[in-house]
Amino acid sequence: MPELPDVEGFREILASCARGRRIKRVEVMDADVLHGAGARRLARELTGRRLAEPERHGKWLLVRTDGPTVLLHFGMTGLLLCCDADEPRHRHDRVVLTVDGHELRYRDQRKLRGLWPDDPDRVLSDQGPDAMDLGLADFRELLSARRGGLKSALMNQSLLAGLGNLTADEILWRARLRPSRAASGLTGEEVRRLHARLRSVLRSSIRVGQIPPRPSWLTGHRDDADPHCPRCDGRLRRDRIAGRTAVWCPACQR
DNA sequence: GCCGTTGTTGAAGA
DNA sequence: CTCTTCAACAACGG
C-alpha cells in the first residue's frame, strides 16, 4: 500500500492526531519492527516527549519530537492509524504510542520494514530528492545520466524518492511512455510530459491518500481478470520489469 | 503446496 | 563501476 501519497496521508494523520501532545506510553507488541534500538530504549527515549511537526521524505515518515526523531517505513503492508483508546487492538498492531485521548498505532502485517529511532540524516543519506520537490531541469539531468530502463529509474529511491510500482506504472501510462524505454533516450518533449504527469498523478493521489482506484485510472484495472486500457480499450500487458509486475498499454504507450 | 503481493536489501551476474 | 535480476525477509489470500 504505502507509496508517497499514502505516507503523506499518514503524516497528516499524525499531525492532526498528535502534534503538540505528549507521549504518555510506548507499547511494543512486536520488537521485530524495531531497528537499532530495543523496546526498552524506545520507551525511555519517547515517553514524556512532545510531538512536533512531522515530516515526510519519499516513503519515509519522520516522527519529530522535542527530543529524538523516529523514522517510520511502511514496507508493503504498513499503516499508521489514530485510534480511540477503547478501540480493540488489531493482531497486526506492532507499536502503540498513547497520547492524550488517542493512540497512534503502527500496524503492519508483514513486518518488512518498521521503526528507526536514529539520526534522520544517516537513515536518509541514500535517498534522492523527494519526488514532489524535483524540478524539471534536475529530472532531465538525472534521467540523462542513467544507463538502464525508465521504470527502474523512476522507482530507484536514490535517484528520486517516493515512487513505487503502482505510481510508476500510472505515471508512465499517463505520459504515454513504455516502462522499458531507456531512461536516457527520451526526447525533450517526452521528459517534459513525464515530469508534468509525475506531478499531477502525485498531486491527485495525495488528495485521496492513495492512488485513486477510479475506473479512469490505469491502477483501477490492474487486478481485472482481463485488464483493458481505460483510454483506448486495448488489452493491457503485464511484464516483469525491474523485478516487479509492470502493467501498461502497448497501444497507447510508446 | 503453488502463486502472487503498492518495498528494500545484499549478492551475483551481465 | 553501473545496472539488473534474484532470493530473502514475513504473512496472508486465492
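The chains referred to below are lettered A, B, ... by the order of the sequence lines, with proteins before strands, and numbering in each begins at 1. We use all heavy atoms of the structure for the numbers below, so side chains are in, but hydrogens, waters and symmetry mates are not. All values reported here derive from a predicted model rather than from experimental measurement.
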For the P atoms, the ones on dC6(C) and on dC3(B), what distance do you get once it is rounded to whole angstrom?
14 Å

If you compare all heavy atoms of R110(A) against all heavy atoms of T77(A), which two are closest, and at what distance to 0.1 Å?
N-OG1, 3.1 Å

Using whole Å, report how far CG of N165(A) lies from P of dT5(C).
13 Å

Indicate the atoms forming the closest heavy-atom contact of Y106(A) with R113(A), along with that distance.
OH-C, 3.9 Å

Nearest-nucleotide check on DNA chain B, M155(A) vs T245(A); residue mapping nearer the 5' end is T245(A)

Nucleotide dA11(C), atom C1' - distance to NE2 of H90(A) in whole Å:
12 Å

Distance only, no hydrogens: is a donor on one side chain within 3.5 Å (strictly under) of an acceptor on the other, for R146(A) and S184(A)?
no

From CG of D32(A) over to P of dA11(C), roughly how many Å is that when rounded to an integer?
7 Å

Give the minimum heavy-atom separation between D119(A) and L71(A), together with the two atoms involved.
C-CD1, 4.4 Å

Taking CG from D108(A) and C1' from dT6(B), how many angstroms apart are they, rounded to a whole number?
13 Å

Non-hydrogen atoms of K24(A) and T47(A) that approach each other most closely:
O-CG2, 3.7 Å

Presence of K59(A) side-chain N/O under 4.0 Å of dT6(B) phosphate oxygens OP1/OP2:
no

Under 4.0 Å between a side-chain nitrogen and a carboxylate oxygen: does that hold for R25(A) and E27(A)?
yes

Given the P atoms of dA7(C) and dC2(B), what is the spacing between them in whole Å?
14 Å

If you look at every strand shown and take non-hydrogen atoms under 4.0 Å, does S152(A) touch a base, only sugar-phosphate, or nothing?
sugar-phosphate

Residue closer to the 5' end of DNA chain B, R110(A) versus R113(A) (nearest nucleotide):
R110(A)

D93(A) CG to dA11(C) P, in whole Å, measures 15 Å

Side-chain N,O (R244(A)) to OP1/OP2 (dT6(B)) below 4.0 Å:
yes

Taking 4.0 Å as the cut-off, does a side-chain nitrogen or oxygen of H92(A) come that near to OP1 or OP2 on dC12(C)?
yes

Quick one: is K111(A) getting a side-chain N or O under 4.0 Å of the dA11(C) phosphate, OP1 or OP2?
yes

Pairing partner (Watson-Crick or G-U wobble, both distances under 3.5 angstrom) of dT4(C):
dA12(B)

For A153(A), report the nucleic acid contact type (base, sugar-phosphate, nothing); a contact means any heavy atom under 4.0 Å.
nothing

Mind checking if T219(A) touches a base, just sugar-phosphate, or nothing, with heavy atoms under 4.0 Å?
nothing

Let me know the distance between CG of N156(A) and C1' of dT5(C), rounded to the nearest Å.
14 Å

Do the side-chain N or O atoms of H73(A) get closer than 4.0 angstrom to the phosphate oxygens (OP1, OP2) of dG7(B)?
no

Select base, sugar-phosphate, or nothing to describe what R238(A) touches, counting heavy atoms under 4.0 Å on all strands.
nothing

Expressed as a whole number of angstroms, how long is the span from Q210(A):CD to dG7(B):P?
14 Å

Ranking dC12(C), dT4(C), dT6(B) by distance to the side chain of R146(A), first place goes to dT4(C)

For M76(A) and dT9(B), what is the distance between atoms CE and P respectively, to the nearest whole Å?
14 Å

